[in-house]
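Report on the following structure.
Remember, it's 1-based here, ligands and their atoms both numbered in the order they're listed. When a residue number appears, it is its place in the shown sequence, counting from 1.
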Amino acid sequence: MISNGMAARINAQLNRELYSAYFYLGLSAQAETMNLKGIAAWFMAKQNEELTHGMLMYRYLIDQSATIALSAIAAPPADTEGVLTMFQRTLSHEREVTAAINDLVDQALSEKDHATHIFLHWFVTEQIEEESTLNDILGRLRLFGDQGQGLLMIDNELAALAKQMTQAAAKQPAPGV
Ligand SMILES: [Fe+2]
Ligand SMILES: [Fe+2]
């Protein structure tokens, strides 16, 4: 069993992961309106990943006999300001999530809560990968351009990536069940 304080913080992170899913869903919808099918598919695949992260938190709380406290999920930004802005915004969002995960690790360490500390390892590693992927996409958008041929190329690349992500997700059992 974990402390009430630790459980409250993981509950807050569960909400943040569900918000992340909503955030990506909003970006997927924006990409659809721009006819960027590959980018829309990539954001949708990310949306699924974030739901999975949320469910990992949910299952961990239940396994630790903590009470689940679901709160309202904020609306994501609705405006479209171009593809470069979409990915810049995504990177800053993921950096905030990384900071939140690091805070959770600090809390687990301060409470000598080894179980939560180990549970959080996966999220620490995941955030490295998420930020790295976004840096790659942003680098390529800056190099090849966020319009015309450059954008078409990145849209195609993200279509392929989204397909890989969807196939990988299909092979894993859903957490939380
Ligand atoms: Fe996440
Ligand atoms: Fe994420």
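What you find for A115 and Q64 is that their closest heavy atoms are CB-NE2, 3.6 Å.
Because the distance cut-off is set at 2.8 Å, E94 fails to qualify as a neighbour of the Fe ion (ligand 1), as none of its N, O or S atoms comes that close. In summary, an N, O or S atom of E130 is located under 2.8 Å from the Fe ion (ligand 2). The distance from the Fe ion (ligand 1) to the nearest N/O/S atom of E126 is not under 2.8 Å.
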Verdict with reasoning, F87 to W42, per ring pair (Phe, Tyr, Trp, His ring centres under 6.0 Å): CA-CA 12 Å; F87 282 97; W42 188 83; 5.7 Å; yes

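Here the N, O or S atom of H53 that is nearest to the Fe ion (ligand 1) is ND1.
Looking at K46 and E130, a side-chain N of the basic residue comes within less than 4.0 Å of a carboxylate O on the acidic one, giving a salt bridge.
With the Fe ion (ligand 1) as vertex, E50 OE1 and E17 OE1 subtend 90°, rounded to 10°.
Using a 3.5 Å distance cut-off with no hydrogens or angles, the side chains of E17 and Q13 do pair a donor with an acceptor.
Ring planes of H121 and H117: perpendicular class, angle over 60° (limits at 30 and 60°).
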